[in-house]
Amino acid sequence: MKALLILALAVAGAQPVQSQRMPYGVTADGQTVERITLRNTHGTTLGILTYGGIIDEIRVRDRRGKFDSVVLALPDLAAYEARANFGSIVGRFANRISGGFTLDGQHYSLSPDGGVVSHGGKPGFGARVWKADLCKRPGCRSVTLRYTSPDGENGFPGEMKVSVTYTLGTDDSVRIDYRATTTQPTVVNLTNHSYFNLAGRDAGSVDGQSLRVAADAYLPLTDKKVPTGEVRKVDDTPFDLRRPVAIGSRVTAEDPQIALMKGFDHNWVLSKPVGRLAPVAWLSDPVSGRTLTVLTTEPGLQVYTANGFNGTLKSASGRMLAARDGIALETQHFPDSPNQPAFPTTVLRPGQVFTSTTIYHFGLTSAP
């Protein structure tokens, strides 16, 4: 297959703005997968797979001008097929639902044993091949992925048409716009499961990187890893991230919730109105000078410090990934929302349109 290459000259500067579409591989069941590359005039690059909408590269410069990717990646398509949700779109329902859910008097069991289902079940949206429509306007750096989830897929009611648009800005921002409609009343919760490491994807632990989250509360978990229903204040806990703190100083703290999850794998209740696009989290690396600001319309942020990495998963470079080699900052509605009436609703009905926006904006600090 020939690459589709669209070049347009930037208005300010001689560097070309480039979007590229290349074959990436074939799934175990014979579906063709492509890789989309978006590049801006600064040389910042965004790589996306049509398999799961996986972000396999965000290449940005450090304060010395050196480029490196700041998201973790796996070696090939077979590795992504074997590791669900790594860097991918997550749906129909991101995070966990316990015991299915009841909607309009009808119960929907999402698993045979009535247990906890994570990230929409298997296979979820992260294991589907999406149709890609690359923006062809001069200077445009975006791609829209589309997938139609059939009625009853993984137990969820209604045919759901989903689109996810990735846009690389001139300001080194990665914008993700989600849209969904349904033919029957259902629930929806979409996010992206990229693992960030601002020091570079082969740099190892993120313990020395600084994190701030604009949230006065978080959701404590049961031993089944679903919310208890309590919205707990972060005051005097390791979950108080309202000022920048080194990640390693919190995920090793003595706290029952930290011990339960072996680090952070919790949802923060963001201190902003639901639906308003606003900055909610800030990550920075003191060595490279790279910074990341997260903006979202969502009410929650799941912070996951890759606690499940145990040295058995090989990265794209061949390095074996260990716990806290990356950090996921997943913008979303709250886990188990369909079973928690006090949480913001995730119900979507025919005639309604679900929309959500998240922006990952990359920048630099000055030299210390």
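FYI, side chains are in, hydrogens and waters are out, and symmetry mates aren't considered; it's all heavy atoms of this structure.
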Original post:
Hey, are T293 and H361 close enough side-chain-wise for a donor-acceptor pair under 3.5 Å?
Top reply: no
Original post:
Is it true that a side-chain atom of N267 and a backbone atom of L219 form a donor plus acceptor pair closer than 3.5 Å?
Top reply: no
Original post:
Would you call the rings of W268 and Y218 parallel, tilted or perpendicular if under 30° counts as parallel and over 60° as perpendicular?
Top reply: tilted
Subject >> Polar contact flag, side-chain donor to acceptor under 3.5 angstrom, T296-T358 >> reply: yes
Original post:
Side chains of N95 and Q332: do they bring a donor and an acceptor to under 3.5 Å?
Top reply: yes
Original post:
Is it true that the side chains of R201 and S317 contain a donor and an acceptor less than 3.5 Å apart?
Top reply: no
Subject >> Heavy-atom pair with the smallest gap, counting every atom of S98 and V226 >> reply: CB-CG1, 4.0 Å
**OP:** Go through the steps for Q257 and H266 under the test side chain to side chain donor-acceptor pair (under 3.5 Å), then give the verdict.
**Re:** CA-CA 9 Å; Q257 285 289 310; H266 297 77; 3.0 Å; yes
Original post:
Does K225 pair with D265 as a salt bridge, N-O distance under 4.0 Å?
Top reply: no
**OP:** Evaluate the side-chain proximity of T165 to I176: yes if any heavy-atom separation is below 4.5 Å, no if none is.
**Re:** no
Original post:
Should the ring pair F196 and Y360 be called parallel, tilted or perpendicular, given that the plane angle runs from 0 to 90° and is split at 30 and 60?
Top reply: tilted
Subject >> Any side-chain heavy-atom pair of L313 and L74 under 4.5 Å >> reply: yes
**OP:** Would you check if F362 and V70 make a side-chain contact, meaning some heavy-atom pair closer than 4.5 Å?
**Re:** yes
Original post:
How far does OG of S194 sit from CD1 of I54, to the nearest 0.5 angstrom?
Top reply: 9.0 Å
Subject >> Same apolar cluster (I L V M F W Y, side chains within < 4.5 Å links), Y51/I48 >> reply: no
Original post:
How close do G52 and S88 get, heavy atom to heavy atom, and via which atoms?
Top reply: O-CB, 3.3 Å
**OP:** Give the ring-plane orientation class for F125 versus Y147, where under 30° counts as parallel, over 60° as perpendicular and anything between as tilted.
**Re:** perpendicular
Subject >> Side-chain heavy-atom pair V33, E81 within 4.5 angstrom cut-off >> reply: no
Original post:
Does R290 come within less than 4.0 Å of D172, counting only side-chain N to carboxylate O?
Top reply: no
Subject >> T170 and N40: side chain donor to acceptor below 3.5 Å >> reply: no
Subject >> Any T186 side-chain heavy atom under 4.5 Å of Y108 side chain >> reply: no
Original post:
Do R63 and T365 meet the criterion of a side-chain donor-acceptor pair at a distance under 3.5 Å?
Top reply: yes
Original post:
Given D216, which of R232, R242, K272 fulfils the salt bridge (Lys or Arg N to Asp or Glu O under 4.0 Å) condition?
Top reply: R242
Original post:
Quick one: does L110's side chain get under 4.5 Å of F101's, heavy atoms only?
Top reply: yes
Original post:
Cut-off 3.5 Å, side chains only: do D325 and N197 have a donor facing an acceptor?
Top reply: no
Original post:
Passes salt bridge (Lys or Arg N to Asp or Glu O under 4.0 Å), D177 versus R175? Steps please.
Top reply: CA-CA 7 Å; D177 290 295; R175 178 178 175 127; 2.8 Å; yes
Original post:
Between the side chain of Q184 and the main-chain N/O of D151, is any donor-acceptor distance below 3.5 Å?
Top reply: no
Original post:
If we ignore angles and hydrogens, is there a donor and acceptor under 3.5 Å between the side chains of D207 and Q209?
Top reply: no
**OP:** Begin from the C-alpha positions of S356 and E298 and carry the test side chain to side chain donor-acceptor pair (under 3.5 Å) through to its verdict.
**Re:** CA-CA 7 Å; S356 175; E298 290 295 296; 2.9 Å; yes
**OP:** Group every Ile, Leu, Val, Met, Phe, Trp and Tyr by side-chain heavy-atom contacts under 4.5 Å, then state whether W282 and Y304 land in the same group.
**Re:** no
Subject >> Crowding at CG, D236 (>12 non-hydrogen neighbours, <6.0 Å) >> reply: no
Original post:
For the residue pair N192 and E330, what are the closest heavy atoms and their distance?
Top reply: O-CG, 3.6 Å
Original post:
Side chains of D240 and T237: donor-acceptor distance under 3.5 Å anywhere?
Top reply: no
Original post:
Are any of the side-chain heavy atoms of I327 and L329 separated by less than 4.5 Å?
Top reply: yes
Original post:
Any chance the rings of F86 and H193 have centres within less than 6.0 Å?
Top reply: no
Original post:
Using 30° and 60° as the class limits, which term best fits the ring planes of F343 and F334: parallel, tilted or perpendicular?
Top reply: perpendicular
Original post:
For R35 and T37, does a side-chain donor sit closer than 3.5 Å to a side-chain acceptor?
Top reply: yes
